Amino acid sequence: MTGAMIRLDRVSKHYPGQQAPAVAELSLDIAAGEIVVLLGPSGCGKTTTLRLINRLIEPTSGRVLLDGEDVTRADPDQLRRRIGYVIQQVGLFPHLTVADNIGLIPRTLGWDKRRVRERVDTLLDLVGLEPATFRRRYPKELSGGQQQRVGVARALAADPPVMLMDEPFGAIDPITRERLQDEFLDLQAKIRKTIVLVTHDVTEAVKLGDRIALFGEQARIAQYDTPAAILAAPADDFVASFIGSGAAIRGLRLLPVGSLPLDPVEVLTGDHDAGAVGADSADGPERALLVGADGTPRRWLRPAGRPGLAVVGADQSRYDALDAMLRARDDTALVVDAAGAPLGTVSWSAIARESPGEPS
Ligand code: ADP
Ligand code: MG
């Protein structure tokens, strides 16, 4: 790959007193604007690799190139202004306010007060925290999710082209984590940074990565490819066992429900009852839906007696569709467009039939 934003060229790290190197001759190219996830078991060298990129750790041998420039011997302070860093435990300074935490690097760069203040407010907005409410708070006055957002804002403060994130959602409860992951992807769609993100969680890697570098011992690359390619065709037994038995269902997260052929649905507005539409079901579609005057889907009229209504957006994944069906205790989901208007239905069996199945 030419024009890689980050290039690791046979980089090794041998910690003093350790028998084996933590990172052995790692070569890896990371393209501009991509999220590359470093995935692998505990102790395989993910954090070491991340810190070799911004030279918090000096390599024993090899070279690190940033945007084509060899930075292996560049001034580390200068280098770190071009690279935002979000560490695992967020690492906000407890005695500094949110604004002072975020403004740390701009202040060391000598920005004047007004410019720092404006930047802090812009970043708080960007990460979904109301500036007037949050800028004067201290870290201990924030939830885990809010602290994590401030950590991201701080890493973005000097607008670096590159962000390194070490298990950024690791310490956060599962529900908040999913929301933060979604927000993070929305944010990246706007800012298009080159991001290297460390995780040991396969589901997170599949969700967030444009590419996944799956590491074995000593940061040896077992496979470096898109999540879809890794799930569909694991390179060897190590990769297959690491991604685990849930590969087929994880793969459904990558496939939109709207790419399936949809079954037609009869839509009735107002106060129809089940009996009235049940009568002509022989020639109508299998499913008939009652829609309120405001256009929102209400319930199934046909087949009669269906309690739950599973609704999924056409741009949501097949995994989301199965999840909605399970929650509604139905084997069919209603697919709606961005405005919430019904497009058709998709069945459990259609997803099973039309999706990739066993990795080859
Ligand atoms: P990961 O982030 O994938 O869990 P690390 O990069 O933290 O792995 O660690 C890789 C290996 O290097 C491990 O065997 C770890 O014990 C060792 N290691 C990490 N940091 C140090 C250090 N400062 N000194 C000595 N050994 C270290
Ligand atoms: Mg680590």
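Start at 1 with the first residue, then count along the sequence. Quantities reported herein were computed from a predicted structural model and do not represent experimental measurements.
The pair D320-R253 fails the salt-bridge criterion, with no side-chain N (NZ, NE, NH1 or NH2) lying under 4.0 Å from an Asp/Glu carboxylate O. Here D323 pairs with R327 in a salt bridge; the nearest charged N to carboxylate O distance falls below 4.0 Å. Here D67 does not pair with R82 in a salt bridge; the nearest charged N to carboxylate O distance is not below 4.0 Å. With salt bridges taken as basic N to acidic carboxylate O contacts below 4.0 Å, none links E217 and R220.
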Would E286 and R302 satisfy salt bridge (Lys or Arg N to Asp or Glu O under 4.0 Å), going step by step from the backbone distance to the final call? CA-CA 7 Å; E286 207 174 301; R302 190 175 63 236; over 6 Å; no
Test side-chain contact (heavy atoms from CB on, under 4.5 Å) on V150 and L129; report intermediate values, then the result. CA-CA 8 Å; V150 174; L129 297 173; 3.7 Å; yes
Checking side chain to side chain donor-acceptor pair (under 3.5 Å) for the pair T199/E204: CA distance, chi angles, key distance, verdict? CA-CA 7 Å; T199 183; E204 178 163 283; 3.1 Å; yes
L187 and I191: side-chain contact (heavy atoms from CB on, under 4.5 Å), yes or no, with the steps? CA-CA 6 Å; L187 179 64; I191 62 180; 3.8 Å; yes
Any chance you could lay out the side-chain contact (heavy atoms from CB on, under 4.5 Å) test for L52 and L8, step after step, and finish with the verdict? CA-CA 9 Å; L52 285 165; L8 302 181; 5.7 Å; no
Using the rule given for side-chain contact (heavy atoms from CB on, under 4.5 Å), can you reason through T176 versus F169, listing the C-alpha separation, both sets of side-chain angles and the distance that settles it, and then say yes or no? CA-CA 9 Å; T176 311; F169 310 110; over 6 Å; no
Salt bridge (Lys or Arg N to Asp or Glu O under 4.0 Å), that's the test. Do K193 and D159 meet it? Break it down for me. CA-CA 9 Å; K193 301 292 181 187; D159 202 20; 2.5 Å; yes
Output, in order, the C-alpha distance, side-chain angles, deciding distance and verdict of salt bridge (Lys or Arg N to Asp or Glu O under 4.0 Å) for R287 and D330. CA-CA 12 Å; R287 292 269 170 155; D330 196 356; 2.9 Å; yes
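The neighbour count for D112 CG, taken as heavy atoms of other residues, nucleotides or ligands under 6.0 Å away, is above 12. Counting non-hydrogen atoms of other residues, nucleotides and ligands closer than 6.0 Å to NE2 of H14 gives a total above 12. For CZ of R10, the number of neighbouring non-hydrogen atoms (other residues, nucleotides, ligands) closer than 6.0 Å is 12 at most. Atom OH of Y15 sits in a crowded spot, with more than 12 heavy atoms from other residues, nucleotides or ligands closer than 6.0 Å. Heavy atoms of other residues, nucleotides or ligands lying less than 6.0 angstrom from CZ of R107 number more than 12.
Side-chain contact between M165 and F184 is present, with at least one heavy-atom pair separated by less than 4.5 Å. Within the 4.5 Å cutoff, the side chain of Y85 has heavy atoms near those of the R51 side chain. Between M5 and P161 the shortest side-chain heavy-atom distance falls below 4.5 Å. Side-chain contact check for M325 versus T332: every heavy-atom pair is 4.5 Å or farther apart. The shortest side-chain heavy-atom distance between L289 and E266 does not fall under the 4.5 Å cut-off. Side-chain contact between D100 and I102 is absent, with no heavy-atom pair separated by less than 4.5 Å. Looking at L39 and F215, their side chains never come closer than 4.5 Å, going by heavy atoms from C-beta outward. No side-chain heavy atom of V36 sits less than 4.5 Å from a side-chain heavy atom of I195.
By the side chain to side chain donor-acceptor pair (under 3.5 Å) test, S42 pairs with no residue at all, sequence neighbours left out. In this structure F134 satisfies the ring-ring contact (aromatic ring centres under 6.0 Å, His included) test with no other residue, sequence neighbours excluded.
Hydrophobic clustering (side-chain heavy atoms under 4.5 Å, transitive across Ile, Leu, Val, Met, Phe, Trp, Tyr) keeps V98 apart from L104. L214 and L254 fall within the same hydrophobic cluster, defined by Ile, Leu, Val, Met, Phe, Trp and Tyr side-chain heavy atoms under 4.5 Å apart, directly or through other members. Residues L65 and L79 fall into different hydrophobic clusters, defined by Ile, Leu, Val, Met, Phe, Trp and Tyr side chains chained together at heavy-atom separations under 4.5 Å. In this structure, L109 is not a member of the same hydrophobic cluster as L96, with clusters built from ILVMFWY side-chain heavy atoms closer than 4.5 Å. Residue L164 is grouped with residue I221 when hydrophobic side chains (ILVMFWY) are merged at heavy-atom distances under 4.5 angstrom, including chains of intermediate members.
Between L262 atom CG and L334 atom CG the span is 9.5 Å, to the nearest 0.5 Å. Taking OH of Y224 as the reference point, atom OG of S27 lies at 12.0 Å (rounded to 0.5 Å). Residue Q223 holds its CD atom at 9.0 Å from CD1 of I212, rounded to the nearest 0.5 Å. Here CZ of R149 is found 14.0 Å from CG of L123. Values are rounded to the nearest 0.5 Å. Atoms CD and CZ, from E34 and R192 in turn, are 9.0 Å apart once rounded to the nearest 0.5 Å. Atom CD1 of I87 sits about 9.5 Å away from atom CG of L56, to the nearest 0.5 Å.
Although no hydrogens or angles enter the test, the distance criterion places a donor-acceptor pair under 3.5 Å between the side chain of K46 and the main chain of P41. Between the S12 side chain and the E25 main chain, a donor and an acceptor come within less than 3.5 Å of each other. Looking at K13, its side chain does come within 3.5 Å of a backbone N or O of E58 through a donor-acceptor pair. At least one donor-acceptor pair closer than 3.5 Å links the side chain of N101 to the backbone N or O of F93. A distance-only check finds no donor-acceptor pair linking the side chain of Q218 to the backbone of V23 [under 3.5 Å]. Formation of a donor-acceptor pair under 3.5 Å by the E69 side chain with backbone atoms of L66 is not found in this model. Of the possible donor and acceptor atoms, one in the side chain of R80 sits under 3.5 Å from a partner among the backbone N and O of R55.
The two atoms that bring V64 and D70 nearest to each other are O-OD1, 3.5 Å, heavy atoms only. When every heavy atom of R318 is checked against every heavy atom of S355, the shortest pair comes out as NH1-OG, 3.1 Å. Residues A321 and V257 approach most closely at CB-CG2, 3.8 Å, considering heavy atoms. The minimum heavy-atom distance linking V86 with P168 is given by the pair CG1-CB, 4.4 Å. Across all non-hydrogen atoms, the minimal contact from D210 to G33 is OD2-O, 4.2 Å. The shortest non-hydrogen separation linking P139 to P94 is CD-O, 3.7 Å.
Between the side chains of R250 and Y319, not a single donor N or O lies within less than 3.5 Å of an accepting N or O.
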Got a list of side-chain donor-acceptor pairs under 3.5 Å for residues 341-351, not counting sequence neighbours?
from	atom 1	to	atom 2	distance (Å)
S347	OG	S349	OG	3.3
S347	OG	A350	N	3.0

